[in-house]
Amino acid sequence: MNGPFRKMLSAKIHRATVTEANVDYEGSITIPPELLDASGIAAYEAVCVWNVTRGTRLETYAITGQVGSSDICANGAAAHLIQPGDQVIIAAYAFVHSDEVSSHQPRLIFVNEKNAIVHSGPEIAGPLIRESVGQAFDAAVRGTPVDGVAGA
């Protein structure tokens with residue numbers, strides 16, 4: 001290990017659907033406050049945005065959208081790489097002390113095509129996919145029911 005800290009995934013919103021792209025805006029990605037709260041991503045925090053649809057990646061910062069909306073908006077230069085209908089993964093990182101790496105747990109939020117939270121962590125390692133292992137995996141790993149956002 002180099003130094004006492006490691007850069008670790010701290011939060012992820014998985015496969016959000018982009019609802020708008022506006023190149024004339026000054027910059028950032030707009031995320032509903034409910035998704036920011038669930039993921040632990042703060043307004044103005046740096047985020048990586050990985051476009052699952054197009055294969056592009058970029059870094060920007062999160063801004064808070066409107067309460068109750070499902071809008072994920074790519075703003076400014078990001079609008080050249082992300083278009084409405086694209087699915088994106090939004091991720092944030094934090095520096096974790098090396099003594100805490102083994103117990104570190106990122107907040108992983110999975111959403112549906114309408115950007116509503118379907119469930120929270122954990123991830124399933126490839127080549128398996130969530131549909132193939134089913135909800136029993138989620139319940140066993142989290143020790144909670146699969147409905148709602150238990151474990152967030």
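A quick note: this is a predicted structure, and the numbers were derived from the prediction, not measured.
When each of V111, V18, I13 is paired with I72, the side chain to side chain contact (heavy atoms under 4.5 Å, CB included) condition holds for V18 and for no other.
Between H80 atom NE2 and L58 atom CG the span is 11.5 Å, to the nearest 0.5 Å. With rounding to the nearest 0.5 angstrom, the OG1 atom of T19 is 13.5 Å from the NZ atom of K114. Atom CG in N115 sits 5.0 Å away from atom OG1 in T17 (nearest 0.5 Å). Within the model, atoms OG1 of T30 and CD1 of I63 stand 3.5 Å from one another, a figure rounded to the nearest 0.5 Å. Atom OG1 of T56 is separated from atom CH2 of W50 by 12.5 Å, given to the nearest 0.5 angstrom. Going from atom OG of S28 over to atom CG of N22 covers 10.0 Å, rounded to the nearest 0.5 Å.
Under a hydrophobic clustering in which Ile, Leu, Val, Met, Phe, Trp and Tyr are joined whenever their side-chain heavy atoms come within less than 4.5 Å, directly or via other members, V101 and L108 fall into different clusters. When hydrophobic clusters are built by joining Ile, Leu, Val, Met, Phe, Trp and Tyr residues whose side-chain heavy atoms come closer than 4.5 Å, directly or via intermediates, Y44 is grouped together with Y25. I89 and V118 are not part of a single hydrophobic cluster, where members link through side-chain heavy atoms under 4.5 Å apart.
Contact between P106 and A11 at its shortest, heavy atoms only, is CB-N, 4.3 Å. Counting all heavy atoms, side chain and backbone alike, Q87 lies closest to N51 at O-OD1, 3.5 Å. Scanning all heavy atoms of the two residues, the minimum distance from V47 to A92 falls at CG1-CB, 4.3 Å.
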Pairs under 3.5 angstrom only: tabulate donor-acceptor contacts from the side chains of residues 31-42 to other protein residues two or more places apart or in another chain.
from : atom 1 : to  : atom 2 : distance (Å)
E34  : OE2    : G68 : N      : 2.8
S39  : OG     : L35 : O      : 2.9
S39  : OG     : L36 : O      : 3.2
S39  : OG     : I41 : N      : 3.2

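Members clustered with V23: none, using a 4.5 Å side-chain heavy-atom cutoff among hydrophobic residues.
Residue pairs meeting the salt bridge (charged side-chain N to carboxylate O under 4.0 Å, His left out) criterion with at least one member in residues 40-50, sequence neighbours excluded, do not occur. Residue pairs satisfying the salt bridge (charged side-chain N to carboxylate O under 4.0 Å, His left out) criterion with at least one member in residues 79-94, sequence neighbours excluded, are listed as follows: R54-D86. Every pair tested for salt bridge (charged side-chain N to carboxylate O under 4.0 Å, His left out) that includes a residue from residues 56-71 fails, sequence neighbours excluded, so the list is empty. Residue pairs meeting the ring-ring contact (aromatic ring centres under 6.0 Å, His included) criterion with at least one partner in residues 94-116, sequence neighbours excluded, are F5-H97, H14-F110, F110-H119.
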